Amino acid sequence: MQAKRDAARGRRWMKAGPLAAMGLAWGLGLAPAWAGGWFERVAVFEAARNAPAGTEAKPAVAEIVAASADGRWLLYTDSQRRAVGLVDLRDPARPRPGGLIEVSGEPTSVAVRGRYAWVVVDQTTDHAMPQGELLALDWRRGRVVERCPLFGQPDAIAFDPQGRHAVIVIENERDEKLDKGKLPQLPGGNLSIVPVRAGGLPDCTRIHPVSLSGLAAVAPQDPEPEFVHVNRQGLAVVSLQENNHLVLVDVARRQVVGHFSAGAVDLDGIDATTDGRIVLNERRTGLVREPDAVAWLDDERFVTANEGDWVGGSRGITIFDRQGRVLWDSGALLEHWAVRLGHYPDKRSRAKGNEPEGLAVGTFGGQRLFFVGSERSSLVTVWHDEGPGRAPMPLQALPALQGPEGLLALPKRGLLVVASEVDKGARAGLTIYRWVERPRDAAPPYPMLQSDDDAQGRPIPWGALSGLAADPQRPGRLWAVSDSFFAETYLYEIDATRHPARIVRRLTVTRDGQPVGYDGEGIAVRADGGFWLASEGDPDAKGAPRPNLLIQLDAEGRVVREVALPEAIARHATRFGLEGVAVTGRGADEAVWAIVQREWKDDPKGHVKLLRYRPASGEWGVWHVPLETPRLEGSWVGMSELVAVGDDAFVLIERDNQFGPQALKRLSFVSVRGVAPAAPGQSPVPVLAKRLVRDVVPDLAAHGGFVPDKLEGLTRDAAGHWFAVTDNDGVDGSNGETMLLRWPTLALP
């Protein structure tokens with residue numbers, strides 16, 4: 001009954017609040033005109049920049065972040081390095097490393113009071129005997145000045161607004177390998193209150209544990225508190241994530257003054273099946289919230305990020321009052337927002353979807369805002385708190401580094417900082433955003449691409465864009481293709497005349513009336529209607545080898561024919577196959593061109609094949625294109641796209657597999673004019689001259705984030721404008737960000 005009451009109440013608030021009047025605007029990533037501004041990403045700081053020389057390649061993360069009183073220094077926990085990292089933030093656009101302070105275990109949280117940083121450290125080696133420590137760091141001098149033993153494993157720390165007490169969550173987390181992680185697993189956790197001595201150091205002799213046992217309906221003898229936040233009246237709200245419970249503690253009196261279940265919610269229009277398809281047509285009932293982060297909006301209301309953990313995860317956020325009443329619940333909004341922006345983590349569909357985890361609250365531009373970090377979609381959504389009795393207004397979505405964990409609002413400096421803990425691909429670290437006042441009719445820079453609604457009124461799912469083409473008749477009308485991340489191959493029609501550009505239609509590629517899955521790495525629009533795709537093969541694929549194919553489609557995405565490479569070419573293939581396709585001519589003069597990503601077995605080192613196929617005659621031709629030399633140790637360079645300019649010249653994307661400003665991402669020009677091709681299997685193969693058109697690294701770096709590895713799509717539209725797109729890998733080992741770059745023209749040789 002509690003779940004039904006909460007769900008019904010949440011639906012009423014959503015219908016009555018400003019979301020209804022706002023229509024689609026909430027899902028478009030656009031700050032509404034009345035907001036007067038938005039956040040722009042100005043920098044990222046990789047945690048590895050604080051590593052001692054020679055250890056930069058080892059894992060380094062940022063999980064929880066705090067700031068000095070003036071906001072000019074950041075301190076973050078790095079559990080991989082067992083240290084607290086320092087960042088000089090005097091210039092937010094150019095954060096500088098401040099070094100690491102090693103601690104006596106795994107730091108789980110940090111808070112700053114005066115000249116000292118209070119760090120809680122997990123020293124547990126046996127889940128049955130949890131232990132930890134509170135450290136007071138004189139962080140400017142890089143030394144520990146006070147140590148307090150904690151009788152349990154700590155997970156979070158916060159100060160009351162007056163700075164008289166610190167409240168520490170002692171989680172005593174369960175062993176997830178024991179009995180499949182089921183509760184109870186004693187000992188249970190508590191909330192420990194630590195008085196602050198004159199001078200700002202902890203009074204270790206007066207640590208007072210507040211019992212949280214016997215409160216929750218789920219494993220009452222084994223409370224596992226997760227997060228804590230204290231309001232201006234000294235009232236702490238504590239989330240018991242695995243117990244699906246919320247507790248209110250009077251910090252000064254050191255006693256529980258209220259508690260209640262976090263309840264459950266029913267969700268409609270979600271994808272709850274992990275099958276390589278994003279289909280928003282499922283319903284789940286009674287999903288317990290299991291909140292992680294909690295944050296007060298005022299002295300009477302707080303918001304929870306319902307990550308889920310043990311059995312739950314409602315994929316959303318909830319606003320409660322002090323009596324435990326659900327004032328508003330986001331339902332499936334965060335899921336739909338992630339889908340619309342291409343950030344939806346399909347491989348987490350069966351689990352907890354976008355997984356909201358972190359929260360922060362602050363006042364910017366005279367508006368009370370709160371921020372929600374979704375761990376799996378790597379999005380931070382920005383909401384305007386409309387006050388009691390009204391639903392919050394969604395304003396904006398921001399791309400974070402992969403796996404956002406801790407959020408920090410710095411209103412006095414107009415900054416938001418997000419710490420991310422996944423050190424894979426792009427390095428983990430901090431993302432820094434600045435509040436910017438903007439004209440009423442402008443739009444924020446992110447997203448660059450999003451989807452419109454489908455016929456059912458839900459966002460068109462998309463991701464993993466690996467090839468780009470332009471409609472030859474309509475300026476600003478583009479087509480993209482998905483790669484093998486999804487079980488089915490999709491074509492996306494894009495209206496690039498607006499910002500952000502809009503995916504207005506998705507076609508599923510079908511063969512004999514059934515969806516088919518290729519590794520679509522290139523797409524070209526035929527002058528005679530329909531498309532050609534390049535599907536990358538893999539002769540060593542597990543299960544069955546996958547051939548490299550050229551695939552002709554009609555205008556609705558139906559397969560007309562598949563064209564395999566001649567055996568004289570195909571037998572030398574490696575798993576780095578066809579990456580781009582272009583079309584010249586029409587009718588009997590049509591020619592289909594394809595570029596191979598990396599050297600095959602019969603290619604000279606540093607050379608790849610450019611192929612031409614004439615459908616009318618079945619004739620093939622082969623040229624070689626030289627590759628740039630890799631710049632970075634352990635990297636490789638390959639081709640990722642092919643665009644025809646005229647009948648005999650091409651612009652290619654040439655890239656390495658690296659992230660960051662030292663990576664190689666460039667546009668190159670080649671022409672076959674006057675150079676006859678070799679026949680399949682014939683030697684020698686002519687080598688084409690190649691010239692640089694544009695270094696794209698500055699364009700990718702200009703948006704304040706990391707330089708991604710996969711610049712994959714390029715095209716020129718009917719008006720001569722150029723567009724390039726990055727591949728977000730379907731949010732698998734990626735932060736989900738897609739960049740759509742635009743150039744009015746390119747200077748071609």
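Counting from 1, the numbers follow the sequence of the chain as shown. Being a predicted model, the structure only gives us computed values, none of them experimental.
- Between L215 and V247 there is a side-chain heavy-atom pair separated by less than 4.5 Å.
- Two residues are said to be in side-chain contact when any heavy atoms from C-beta on lie closer than 4.5 Å; L449 and P500 fail this criterion.
- Although no hydrogens or angles enter the test, the distance criterion places no donor-acceptor pair under 3.5 Å between the side chain of E282 and the main chain of G269.
- Between E355 and R315 there is no salt bridge, since no side-chain nitrogen of the basic residue lies less than 4.0 Å from a carboxylate oxygen of the acidic one.
- Salt-bridge formation is detected for the pair R283/D268: a Lys NZ or Arg NE/NH1/NH2 atom is positioned less than 4.0 Å from an Asp or Glu carboxylate oxygen.
- Note that the CG atom of D729 and the OG atom of S734 stand 5.5 Å from one another [nearest 0.5 Å].
- One finds the CG atom of L248 at 9.5 Å from the NE2 atom of H259 (value rounded to the nearest 0.5 Å).
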**OP:** Tell me, with the steps shown, if T489 and T508 meet side-chain contact (heavy atoms from CB on, under 4.5 Å).
**Re:** CA-CA 6 Å; T489 300; T508 301; over 6 Å; no
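- Between H343 and Y446, the ring planes lie perpendicular to each other; the angle is over 60°, past the 30° to 60° tilted range.
- Using a cutoff of 4.0 Å between basic side-chain nitrogens and carboxylate oxygens, R284 and D266 are not scored as salt-bridged.
- Heavy atoms only, all atoms of each residue included: V311 and E290 are closest at N-OE2, 3.2 Å.
- Between the side chains of T318 and R289, at least one donor N or O lies within less than 3.5 Å of an accepting N or O.
- I319 is listed as a side-chain neighbour of L297, based on a closest heavy-atom distance under 4.5 Å.
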Less than 3.5 Å apart, which donor and acceptor atoms pair up between the side chains of residues 458-467 and the rest of the protein, not counting sequence neighbours?
residue: R458; atom: NH1; partner: L280; partner atom: O; Å: 2.5
residue: W462; atom: NE1; partner: R340; partner atom: O; Å: 2.9
residue: S466; atom: OG; partner: V481; partner atom: O; Å: 3.4
residue: S466; atom: OG; partner: G520; partner atom: O; Å: 2.3

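- Side-chain atoms of V238 and L246, non-hydrogen and from C-beta on, never get closer than 4.5 Å to each other.
- A distance of 6.5 Å separates CG of D222 from CG of N243, quoted to the nearest 0.5 Å.
- Using a 4.0 Å cut-off between a side-chain N of Lys or Arg and a carboxylate O of Asp or Glu, R277 and D346 do not qualify as a salt bridge.
- Taking the side chain as every heavy atom from C-beta outward, F706 and R427 never approach each other to under 4.5 Å.
- Note that CH2 of W383 is 5.5 Å distant from CG of L334, once rounded to the nearest 0.5 Å.
- Here the CG atom belonging to L341 is positioned 6.0 Å from the CG atom belonging to L379, to the nearest 0.5 angstrom.
- Of the possible donor and acceptor atoms, none in the side chain of Q450 sits under 3.5 Å from a partner among the backbone N and O of P447.
- Put simply, the side chain of E521 reaches to within 4.5 Å of the side chain of E712, judged on heavy atoms.
- Ring pair Y492/Y490 is tilted by interplanar angle, where 30° to 60° counts as tilted.
- Atom CD1 of I494 sits about 5.0 Å away from atom CD1 of I503, to the nearest 0.5 Å.
- S330 places a side-chain N or O within 3.5 Å of a backbone atom of I317 that can act as its donor or acceptor partner.
- Between the side chain of N735 and the main chain of Q402, no donor-acceptor pair closer than 3.5 Å is present.
- Checked by atom type, the side-chain pair Y344/S349 shows a donor-acceptor distance below 3.5 Å.
- A salt bridge does not link E357 to R376: none of the charged nitrogens lies less than 4.0 Å from a carboxylate oxygen.
- In terms of heavy atoms, Q221 sits closest to L186 at O-CD2, 3.2 Å.
- Judged purely by atom type and a 3.5 angstrom limit, N172 uses its side chain to pair as donor or acceptor with the backbone of Q153.
- In terms of heavy atoms, T108 sits closest to P154 at OG1-O, 3.1 Å.
- Between the side chains of D275 and T273, no donor N or O sits under 3.5 Å from an acceptor N or O.
- Considering all non-hydrogen atoms of both residues, T304 and P291 come closest at CB-CB, 3.7 Å.
- Using modelled atom types, no side-chain atom of R322 and backbone atom of E300 make a donor-acceptor pair closer than 3.5 Å.
- For the pair D732 and K347, the salt-bridge criterion is met [side-chain N within less than 4.0 Å of a carboxylate O].
- Counted by atom type alone, S79 and E63 present one or more donor-acceptor pairs between their side chains at under 3.5 Å.
- Counting only N and O atoms by type, the side chains of E335 and N354 include a donor and acceptor under 3.5 Å apart.
- If you check the side chains of D512 and Q514, you find no donor sitting under 3.5 Å from an acceptor.
- Relative to the ring axis of Y433, R41 does not place its NZ or CZ within 45° and under 6.0 Å from the centre.
- Shortest non-hydrogen contact noted between W38 and P445 is NE1-CD, 3.6 Å.
- When atom types are taken as modelled, the side chain of S378 and the backbone of G403 share a donor-acceptor pair closer than 3.5 angstrom.
- The aromatic rings of F320 and F302 sit parallel, their planes meeting at an angle under 30°, below the 60° perpendicular limit.
- With hydrogens and angles disregarded, no donor-acceptor distance shorter than 3.5 Å links the side chain of N244 to the backbone of V288.
- There is a side-chain donor-acceptor pair under 3.5 Å between E307 and Q241.
- Side-chain atoms of D519 come within 3.5 Å of backbone atoms of S484 as a donor-acceptor pair (strictly under, hydrogens ignored).
- A distance below 6.0 Å separates the ring centres of F531 and W479.
- Minimum interatomic distance between L183 and W310 (heavy atoms only, all atoms of both residues): N-CZ2, 3.3 Å.
- No side-chain donor-acceptor contact under 3.5 Å links D538 to the backbone of P545.
- The closest side-chain donor-acceptor pair between E562 and Y518 falls under 3.5 angstrom.
- Side chains of D155 and S109 form no contact here, defined as non-hydrogen atoms less than 4.5 Å apart.
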**OP:** Show the numbers, then the answer: is there a side-chain contact (heavy atoms from CB on, under 4.5 Å) between L369 and D385?
**Re:** CA-CA 6 Å; L369 307 180; D385 176 24; over 6 Å; no
**OP:** Begin with the C-alpha distance, continue with both residues' side-chain angles, and end with the deciding distance and a verdict on salt bridge (Lys or Arg N to Asp or Glu O under 4.0 Å) for K180 and D175.
**Re:** CA-CA 8 Å; K180 298 182 180 181; D175 182 352; over 6 Å; no
Original post:
Run the salt bridge (Lys or Arg N to Asp or Glu O under 4.0 Å) check on D452 and R505 step by step: do they pass?
Top reply: CA-CA 8 Å; D452 283 347; R505 183 165 60 132; over 6 Å; no
